[in-house]
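Reading through the structure tokens given below for one structure.
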Amino acid sequence: MNTTTTTTTTHDPAGEVLDAVLTAAGRLLLSVFALAWWALLFPMVSVPAGIAVATGWFLGWPFGFGVAGVAVAGMVLWRVLSPQTFERWFTGRVRSRWLTWFRYRRRWTTMTTACGLSTRDGDRTFIPRLVSVQIGESLDTVRARMLPGHCPDTWIHRADHFAHGFGAQKAKVALVGPGLVEITFRRADSLADPVVVPFESMAGFKTVTDTRKAA
């Protein structure tokens, strides 16, 4: 005799709505936190923007646009008069933050899992912690904390995997502390582009006076 068992799944609309609301609230909270963090990192942008918004709110939008225009003009003037400090304090920091996330942080969990460097304990998955990232012109340096039970050789043997997965030309892994590994990514050849050296900077070179003018 065959027995047929029918399973009926019921949906709870109230529960689904609650889950959606909590998910949206969590994402909104993360967005607000990220915005506040970037505002603290770049006060040269957030402070003028805040002043422009406050001015527009209390005095009217023409005044707010005027303050914003003055702020933009000040940034342009800073870029023209001191490009080195502008690069150091603004564009360089923005570039470093963006590349840190784009190149490494957004793919760190996927890559370490694919390389077999994550561990599981029941339903929990543990990922090696990304400690720091330094973005350079041709070399990026990433430091990570090994999980308990990891062997340094396991990380060293994953160097080619890291280079391929993170889109670098080459990767080198070294142990720099107890449980701390450093991965150096070569993303470009620093000697590929020729460097023009002025003659005056060459050792032993002296400017020869034009004898025709002297005569």
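Atom set for the values below is all heavy atoms of this structure, side chains included, hydrogens, waters and symmetry mates excluded. Along the sequence shown, residues are numbered consecutively beginning with 1.
The distance from the CH2 atom of Trp108 to the CG atom of Leu117 is 8.0 Å, given to the nearest 0.5 Å. For the atom pair NZ of Lys170 and CG of Leu139, the computed distance is 11.0 Å after rounding to the nearest 0.5 Å. Summarising the geometry, atom CD1 belonging to Ile127 is positioned 4.5 Å from atom OG1 belonging to Thr112; distances are rounded to the nearest 0.5 Å.
In plain terms, the two heavy atoms of Gly64 and Thr55 that are nearest each other are N-CG2, 4.0 Å. The minimum heavy-atom distance linking Ala168 with Phe185 is given by the pair CB-CD2, 3.7 Å. Closest approach of Ala71 and Pro48 over heavy atoms only: CB-CB, 3.6 Å.
Qualifying side-chain hydrogen bond (donor to acceptor under 3.5 Å, both in side chains) partners for Glu87, counting only residues two or more places apart in sequence or in other chains: Thr91. In this view, Trp78 and Thr85 satisfy the side-chain hydrogen bond (donor to acceptor under 3.5 Å, both in side chains) rule, not counting sequence neighbours. With sequence neighbours excluded, no residue satisfies side-chain hydrogen bond (donor to acceptor under 3.5 Å, both in side chains) with Thr113.
Residue Phe162 is not grouped with residue Val131 when hydrophobic side chains (ILVMFWY) are merged at heavy-atom distances under 4.5 angstrom, including chains of intermediate members. Hydrophobic clustering (side-chain heavy atoms under 4.5 Å, transitive across Ile, Leu, Val, Met, Phe, Trp, Tyr) keeps Val47 apart from Val72. Both Ile135 and Phe102 are part of a single hydrophobic cluster, where members link through side-chain heavy atoms under 4.5 Å apart. Hydrophobic clustering, with ILVMFWY side chains joined whenever heavy atoms are under 4.5 angstrom apart, groups Ile183 together with Ile156. The cluster map of Ile, Leu, Val, Met, Phe, Trp and Tyr, joined by side-chain heavy atoms under 4.5 Å apart, puts Phe58 and Trp61 in different clusters.
Contact of the Met111 side chain with the Tyr104 side chain is not registered, since no non-hydrogen atoms from C-beta on lie closer than 4.5 Å. Inter-residue side-chain proximity for Arg145 and Leu180 is flagged as met; some heavy-atom pair is nearer than 4.5 Å.
Taking a 4.5 Å side-chain heavy-atom cut-off between Ile, Leu, Val, Met, Phe, Trp and Tyr, the cluster of Phe126 extends to Leu147.
Formation of a donor-acceptor pair under 3.5 Å by the Ser96 side chain with backbone atoms of Gly92 is not found in this model. A donor-acceptor contact shorter than 3.5 Å links the side chain of Arg187 to the backbone of Gly167.
Note on residues 99-124: pairs passing salt bridge (Lys or Arg N to Asp or Glu O under 4.0 Å), not counting sequence neighbours, are Arg103-Asp140. For the side chain to side chain donor-acceptor pair (under 3.5 Å) condition, the pairs that include at least one residue of residues 154-168, sequence neighbours left out, are His150-Trp155.
The environment of CH2 in Trp89 is sparse: at most 12 heavy-atom neighbours from other residues, nucleotides or ligands sit within 6.0 Å.
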